[in-house]
Participant: 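Got a structure for you, written out below as structure tokens; questions coming shortly.
Note that the structure is a prediction, hence the values are computed from the model and not measured. Chain letters run A, B, ... following the sequence lines, proteins first, then strands; residues in each count from 1.
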Number of protein chains: 2
Amino acid sequence: MSAADQIFAMLRESSQSGAPLYLQLRRSIEEAVNRGLIGPGDALPSERDIASKADISRVTVRKAVQDLVKGGILVQRHGSGTFVAPRMERVEQSLSRLTSFTEDMARRGMNVRSVWLDRGLYAPSPDEMMVLGLSSTELVARVARLRIANDTPLAIERAALSASVLPDPEAIGSSLYAALGTTGNRPVRAVQRISATNLGDADARLLEVPPGVAGLQIERISYLASGKVIEFTRSVYRGDAYDFVAELRLTGPGEEIRP
Amino acid sequence: MSAADQIFAMLRESSQSGAPLYLQLRRSIEEAVNRGLIGPGDALPSERDIASKADISRVTVRKAVQDLVKGGILVQRHGSGTFVAPRMERVEQSLSRLTSFTEDMARRGMNVRSVWLDRGLYAPSPDEMMVLGLSSTELVARVARLRIANDTPLAIERAALSASVLPDPEAIGSSLYAALGTTGNRPVRAVQRISATNLGDADARLLEVPPGVAGLQIERISYLASGKVIEFTRSVYRGDAYDFVAELRLTGPGEEIRP
DNA sequence: AAGTGGTCTAGACCACGCG
DNA sequence: GCGTGGTCTAGACCACTTC
């Protein structure tokens, strides 16, 4: 009995449950993956094969499979087939220290590179005017990068700075902060806001995941020692590849704590 | 021209783009919402109406609408209709202080309550044995709560503690930490790991969101002053309702920073 | 009872990949 | 060329809400 046939066996067992067919099928496939009957990289039968063997329509098979693709369990390659998604080892990043993406990854023995998505001077958006304290006649420097580790895209970083501190975005080498440091504009403090979002089409394509999977959305505002805002960065991280780690402390004795 | 008709106008304009029909329709609806032509709470035409007016099949309409539901733009109520999702004001939570959910929300003037999902003593899972340092003959106390603010479910918290520090989980009042404090077992420090995930059916139902929307998954390990692990909590937060805020600092002078 | 979303079907054509 | 996933159709029945 082939591994994939286990799926059909489980399906038959659940066939009197009254649950929708696509749910029964979805659970059967999920079970087969969780039990290791089919492992990462293995191919599933084609949608048409599943449909005919399980005696359900291809539309219904697709609904089950699509759900699992969006959940990151399966991956589909147009013209090629449907496969169990490779297990992704997650990367941890500290939430209490300003660290370098490049160095962070290098310390983990990962091969890192970036792709420029955008570098230039623009008229500021209302958001940027507010946060960076720009007037509508000033310009904003935007730099956007796709961060890649071991050939896996991990994050999209879109930074905005006043053009007065970064008049020539094209001149940045591999490090934005190094460029800022040469003019004494290196941030010493930042505040980050983290939330979850379903990735849109554009971001999903860049990060090589199906649209709709969960991602971490991060807004960072960086400050100079003087307290002036220097940088406003909006980033999107792959939810399946990233863990952010934070340490919580009691700030004083006698503090009330009831989580 | 009714507000909803704007959708069809936009659809006709994009009809020569060559893009898939469901994408054209999805974008038209998204645009109408973003431009405020239809606001939160407003009803969309029924799937059948959209299908006939736009001269496409209902299956295709459903694909477009489903995508927007999973993205949190629309909500559907079985038997009632499809509506623009109400704008959710996000709640911010600090990532550097151990704070109380109840107090945090009360400070914001929100009405808070919890629903117990589980309270009891169990044989520990391998995870729990590892983290809490239990042997397989010891028991683990599990307490799980659904956190609700202003009648909106915000989070599911599932805590695990050694039964030796919480022998009677049923005896907890509204505050786990208060119960721990009476025996001198109140944590003073915690480490959190944050990631993003698509919510599964069970969690999505509890949080009253459609399955598959993005949520924040948080693992917290809490420590006593002695350094002993006291609590292991796995939580799931609604991604559309929560922002976690962290402050980053340079830990010392001369530190390398190149994000 | 009428209208809504939820599920399901059988069949079609297109776009992509692989040998 | 052949098999794969990607899109689309027209029609059906069920389950739920609302009147």
Participant: What is the per-nucleotide protein-contact pattern of nucleotides 4-11 of chain D, from the 5' end, where B denotes a base atom under 4.0 Å from a protein heavy atom, S denotes such proximity for sugar-phosphate atoms only, and - denotes neither?
Facilitator: BBBBSBB-

Participant: Using a cut-off of 6.0 Å, state whether more than 12 heavy atoms not belonging to B:D55 lie near its atom CG.
Facilitator: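 Result for CG/B:D55: open.
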
Participant: Side-chain donor-acceptor pair under 3.5 Å between A:Q76 and A:T82, yes or no?
Facilitator: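 Indeed, the side chains of A:Q76 and A:T82 share at least one donor-acceptor pair under 3.5 Å.
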
Participant: Can you list the residues that meet the ring pair (Phe, Tyr, Trp, His ring centres under 6.0 Å) rule with A:F8, with sequence neighbours excluded?
Facilitator: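 Partners of A:F8 under the ring pair (Phe, Tyr, Trp, His ring centres under 6.0 Å) test: none.
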
Participant: So, using salt bridge (Lys or Arg N to Asp or Glu O under 4.0 Å) as the criterion, who are the partners of B:R48 when residues are at least two apart?
Facilitator: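 B:R48: no salt bridge (Lys or Arg N to Asp or Glu O under 4.0 Å) contacts found.
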
Participant: Hey, would you say the B:F244 and A:F244 ring centroids sit under 6.0 Å apart?
Facilitator: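 Ring-ring flag for B:F244/A:F244: false, centres at least 6.0 Å apart.
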
